[in-house]
Amino acid sequence: MLLYESTRGSTAPVPAAGAIKTGIAPDGGLFVPVRDVSMPPEELAGLVEQDYRRRAAAVLQLFLTDFSPAEIRDCVSGAYGGDKFDHPAVAPAIKLDDGLFVLELWHGPTCAFKDMALQMLPRLLPLAAAKTGEDKQIAILVATSGDTGKAALEGFRDVPGTRIIVFYPARGVSEMQRLQMVTQAGNNVHLVAVEGNFDQTQSGVKEIFADPAMNAAAGKGGYRFSSANSINWGRLVPQIVYYFSAYLDLLRQGEITSGEAVNFVVPTGNFGNILAAYYARRMGLPVHRLICAANRNNVLTDFIRTGIYDRGREFYRTTSPSMDILISSNLERLLYAVTGRDAGRVRNWMESLRTVGRYEVDDDVRKQIQAVFWSDFAGDGQTAAAIRDTHKRYNYLLDTHTAVGKFVYDRYREATGDAHKTVLVSTASPFKFNQSVAAAVLGEEAVRGRDEFALLSALSRFTGLPVPQGLRDLDIKPVRHTLTVAPGEMKRVVREILGG
Ligand SMILES: *Cc1c(COP(=O)(O)O)cnc(C)c1O
């Protein structure tokens, strides 16, 4: 059976069920498999003609060895079957030109890529609780920069044995994101606005997880904490799937030959999405470079270039709010992998990040990272120009996050001349960030004074595409959540909700 250990080295290894149930390791680290997992080439070849669900089951089974094939099949059908996703391919790879493809990850219920994992995690978690003999209910705490929150609320809505509390930065999310969340229905869902930015919100949640008194209070109320953020291993595995699926689609469509390496460009915030691509590469998927695209909050670009991670910098609100992050939690897993599982070094860096806001990795580590990753960033003006240019050239509309990726991809081509076929990972529907997208293609004038819903219609007319189901009718749905608190009050709110 495959076991999972903590990146900080002082937690006894547990099966996947244990890692998924607890979310974060008790020593404050993140769970990772104790050994590398690979996808046998013959198994990969056998997946070319299979659909997304079969591909997902194959990848999941390699990591979740304590889950039976029947359990995994059920989870996969529940997550990606029926009409949950509004595209039959679930995550289609669209060809823009001979060298560039867009992997659309936003056909799920909330129109952002978070659905890919958050339709799966709520199915894995109750099974994980049962497998570990858990007698308490699971209380999911989430910090969101906008998209995770809605996807998690939707995924966990009315899932028996669970309760979910989502915290979001009061002024750090787009109006569509806010409306999606405050209108959330369900008997086990709670939403709290925090007067602070995403990093403060995320730190608040991490503190609650690490606080023995909070854990005791939850226990008294009959709950045990878990996480639906990408620190939870149960969110990462479903994200590995679509890198395989994109590759298999290119293979099936004859765009690449077997074994040919491709690049992935990933708009990055918390480093979860691109980390899943890195794991796919380690599993044997032919990947040349992983291109990490950042917005003006370019802490990752600096890190990949210099080996210095420094969060002591100004925080900017950009038109790609889901990437407005200065502390990228999942980087810890990458560091653990490239140091050959050196928990001691990882612990020191994370401690240094916590206390002085900065760390510097050794040369060997930086070089290993640079051998795979390349990074640049886009400002808001460059992002808008990328939306406009891509629409002119390909008649294809990008959202702001994906446009950051497109800008960085063009920079990469210019800088390196690398001609490997490249997949641009598209993380949100353009309708979800309608203000900035409409301003980019219709002009500031056309946007001024028009509300969200007028803009949705305008974009729909402009593209000839329907407004996605998840964004319709938000103006007439009742607002169900209005609570706003200071960062210092997050603990109190959790206690009140869980009654401990
Ligand atoms: C969450 C999100 C990102 C960033 O993904 P990470 O896994 O945090 O790096 C990028 N774009 C959109 C639209 C998102 O919702």
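This chain uses plain numbering: 1 for the first residue, then up along the sequence. Counting convention: from 1, in listed order, for ligands and their atoms alike.
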So that I know where these two stand, are Phe31 and Trp233 an aromatic pair - ring centroids less than 6.0 Å apart?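 Not close enough - the centres of the two rings lie 6.0 Å or further apart.
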Could you tell me if [Y] and [X] have a donor-acceptor pair between their side chains, going purely by distance under 3.5 Å?
X: Asp376; Y: Tyr412; value: no
X: Ser436; Y: Thr319; value: no
X: Asp86; Y: His107; value: yes
X: Arg55; Y: Ser245; value: yes

Collect the protein residues that have a non-hydrogen atom under 4.0 Å from ligand 1 and hand them over in chain and number order.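 Contacting ligand 1 under 4.0 Å are Phe113, Lys114, Asp147, Pro267, Thr268, Gly269, Asn270, Phe271, Gly272, Asn273, Ser322, Met323, His401, Thr427, Ala428.
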Qualifying residues under ring pair (Phe, Tyr, Trp, His ring centres under 6.0 Å), relative to Tyr243, sequence neighbours excluded: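 Tyr243: ring pair (Phe, Tyr, Trp, His ring centres under 6.0 Å) contacts with Phe264.
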